[in-house]
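Notes follow once the structure below has been shown.
Within every chain, numbering begins at 1; the chains are lettered A, B, ... in the order of the sequence lines, protein sequences first and strands thereafter. The basis for the numbers below is simple: all heavy atoms, side chains too, and nothing from hydrogens, waters or symmetry mates.
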Amino acid sequence: MPEEDSFFDKVFQICEQIPRGRVSSYGAIAKAIGSPQSARMVGWAMNKSFSYSKPIPAHRVLNRMGMLSGKKAFGSPDMMQRLLEQEGVPVENDQVVDFDKYFWDPLLEL
DNA sequence: ACTTTGACTATAA
DNA sequence: GTTATAGCCAAAG
């Protein structure tokens, strides 16, 4: 088994493990990888997630405030919000309601 | 090879 | 509550 140890691959592996109806943050994922200061790279990885071999639920990854910072990367600005609401995560004004309640910590639950 | 950019976060004022 | 600044590191120009 290849077991990718690259930064991007680790990000992808964690992202695809985010439970449906839950959301996580770039910082939390970065921390889970071992580079708590590389939250930006997580975002960049998400942008590249569509090039990855497997589908990545990038819409479940938000910034620390629960804001849909990368909604534009989904082709349509409303697509990300719709996907989240479809999974049971209410979004209002480009921000997840009760983000703390839906937050999923890879370090805590993985 | 250098500079700029970016789906971020933490701290300070 | 907001705005400003610094730290961070890989990809793109």
>> Strictly distance-based, threshold 3.5 Å: is any side-chain N or O of A:Ser76 a donor or acceptor partner for the main-chain N or O of A:Met79?
In response: no

>> Looking at A:Asp105 and A:Leu107, would you say the former's side chain and the latter's main chain have a donor-acceptor pair under 3.5 Å?
In response: yes

> Is A:Ser69 near enough to B:dC8 that one of its side-chain N or O atoms lies under 4.0 angstrom from OP1 or OP2?
Replying inline: yes

> Roughly, in whole Å, what's the span from CG in A:Asp105 to C1' in B:dT9?
Replying inline: 15 Å

>> So A:Asn47, base contact, sugar-phosphate only, or nothing? Heavy-atom distance under 4.0 Å.
In response: base

> Which of these, A:Arg22, A:Arg60, A:Arg82, sits in a side chain to side chain contact (heavy atoms under 4.5 Å, CB included) with A:Glu87?
Replying inline: A:Arg60

>> In whole Å, I'd like the distance from the CZ atom of A:Arg64 to the C1' atom of C:dC8.
In response: 16 Å

> Quick one: A:Lys71 NZ to B:dC8 P, roughly how many Å, whole number?
Replying inline: 13 Å

> Can you check the A:Tyr26 OH to C:dA10 P distance for me, whole Å?
Replying inline: 19 Å

> Tell me, which of residues 28-45 of chain A have any heavy atom that sits under 4.0 Å from an atom in DNA chain B?
Replying inline: A:Ala39, A:Arg40, A:Met41, A:Gly43, A:Trp44

>> From CZ of A:Arg60 over to C1' of B:dA7, roughly how many Å is that when rounded to an integer?
In response: 17 Å

>> Would the distance check show the side chain of A:Ser38 and the main-chain N or O of A:Ala30 forming a donor-acceptor pair, the cut-off being under 3.5 Å?
In response: no

> Over how many whole Å does the gap from A:Met65 atom CE to C:dT3 atom C1' extend?
Replying inline: 13 Å

> Can you tell me if A:Tyr26 uses its side chain to pair, donor with acceptor, with the backbone of A:Arg40 under 3.5 Å?
Replying inline: no

> Passes side chain to side chain contact (heavy atoms under 4.5 Å, CB included), A:Leu68 versus A:Leu62? Steps please.
Replying inline: CA-CA 6 Å; A:Leu68 282 60; A:Leu62 314 170; 4.2 Å; yes

> Roughly how many Å is it from CZ in A:Phe12 to P in C:dA10, rounded to a whole number?
Replying inline: 15 Å

>> Counting only heavy atoms and a strict 4.0 angstrom limit, can you tell me which residues of residues 72-80 of chain A come near DNA chain B?
In response: A:Ala73, A:Phe74

> Who are the ring-ring contact (aromatic ring centres under 6.0 Å, His included) partners of A:Phe99, not counting sequence neighbours?
Replying inline: A:Phe103

> So A:Val42 and A:Ile14, side chain to side chain contact (heavy atoms under 4.5 Å, CB included) or not? Walk me through it.
Replying inline: CA-CA 11 Å; A:Val42 177; A:Ile14 292 177; over 6 Å; no

>> Rounded to whole Å, how long is the line connecting atom CD1 of A:Ile56 with atom P of B:dA7?
In response: 18 Å

>> Before you tell me yes or no, could you show the steps for A:Val61 and A:Val11 under side chain to side chain contact (heavy atoms under 4.5 Å, CB included), namely the whole-Å CA-CA distance, both residues' side-chain angles and the distance that decides it to 0.1 Å?
In response: CA-CA 11 Å; A:Val61 185; A:Val11 172; over 6 Å; no

